[in-house]
Amino acid sequence: QVQLVESGGGSVQAGGSLRLSCAASVRTFSRYDMGWFRQAPGKEREFVGVIIWSVGNTYYADSVKGRFTISRDDLKNTVYLQMNNLKPEDTAVYYCAARIRGMSQYDYWGQGTPVTVSS
């Protein structure tokens, strides 16, 4: 199995930045795509972005495009979500998830790390 642990959440003023980390237990990252999701209070969980591990390509939701960046550190088995120019509507619990290549579902999820953006 894959175990994921998020960290780096916290409180920040609008316009500020945070970097979230997701440490994974998987030995071969190239087998998995790593996604980021978030769930705001009173709302359903939504897709934020994904990195296709084998090639490093990234894709983002329109709501965060240009502000958020997903990157990876192969040696540390860690994926990052750099969040810049944060807005109050970015307030949510952020989750990382792992998807096996060739699959459509994310089978492994972290416990989440909360992010609060104040205006």
Do you know the tightest heavy-atom contact between [X] and [Y]?
| X | Y | answer |
| --- | --- | --- |
| Thr91 | Val117 | OG1-N, 2.9 Å |
| Ala98 | Leu4 | N-CD1, 3.7 Å |
| Gln105 | Arg99 | O-CG, 3.0 Å |
| Ala14 | Ser119 | CB-CA, 4.3 Å |
| Arg67 | Asp90 | NH1-OD2, 2.7 Å |

Partners meeting side-chain hydrogen bond (donor to acceptor under 3.5 Å, both in side chains) with Gln39 (sequence neighbours left out):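 Expected list: none.
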Taking the side chain as every heavy atom from C-beta outward, state whether [X] and [Y] have any atom pair closer than 4.5 Å.
| X | Y | answer |
| --- | --- | --- |
| Val115 | Met83 | yes |
| Leu81 | Tyr94 | yes |
| Thr113 | Ser7 | no |
| Thr116 | Val12 | no |

Under 4.5 Å side-chain linkage, directly or through intermediates, the cluster mates of Tyr95: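 ILVMFWY cluster around Tyr95 also holds Phe37, Phe47, Val50, Ile52, Val55, Tyr59, Val93, Tyr106, Trp109.
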From CA spacing to verdict: side-chain contact (heavy atoms from CB on, under 4.5 Å), Cys22, Trp36: CA-CA 9 Å; Cys22 177; Trp36 284 96; 3.7 Å; yes
Pair Ile51-Val79, side-chain contact (heavy atoms from CB on, under 4.5 Å): steps then yes or no: CA-CA 9 Å; Ile51 181 168; Val79 63; 4.0 Å; yes
Shared hydrophobic cluster for Met34 and Phe68 (ILVMFWY, side-chain gaps under 4.5 Å):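 Yes; tracing contacts between hydrophobic side chains, which count when under 4.5 Å, links both residues.
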Linked, directly or transitively: Tyr80 and Val48 (ILVMFWY side chains, under 4.5 Å):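 In one cluster: no.
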Residues that Ser63 engages under side-chain contact (heavy atoms from CB on, under 4.5 Å), provided they are two or more places apart: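 Ser63 satisfies side-chain contact (heavy atoms from CB on, under 4.5 Å) with Arg38, Ala61 only.
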Interatomic distance, Tyr32 atom OH to Asp107 atom CG [nearest 0.5 angstrom]: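 Taking OH in Tyr32 and CG in Asp107, the distance rounds to 8.5 Å.
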Flag, side chain of Gln82 to backbone of Ile70, donor-acceptor distance under 3.5 Å: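 Between the backbone of Ile70 and the side chain of Gln82 there is no qualifying donor-acceptor contact (under 3.5 Å).
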Side-chain donor or acceptor of Glu6 paired with backbone N/O of Cys96 under 3.5 Å: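 Yes, Glu6 side chain to Cys96 backbone: donor-acceptor pair under 3.5 Å.
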Donor-acceptor pair between Asp73 and Thr78 side chains, under 3.5 angstrom: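 No - no donor-acceptor pair under 3.5 Å links their side chains.
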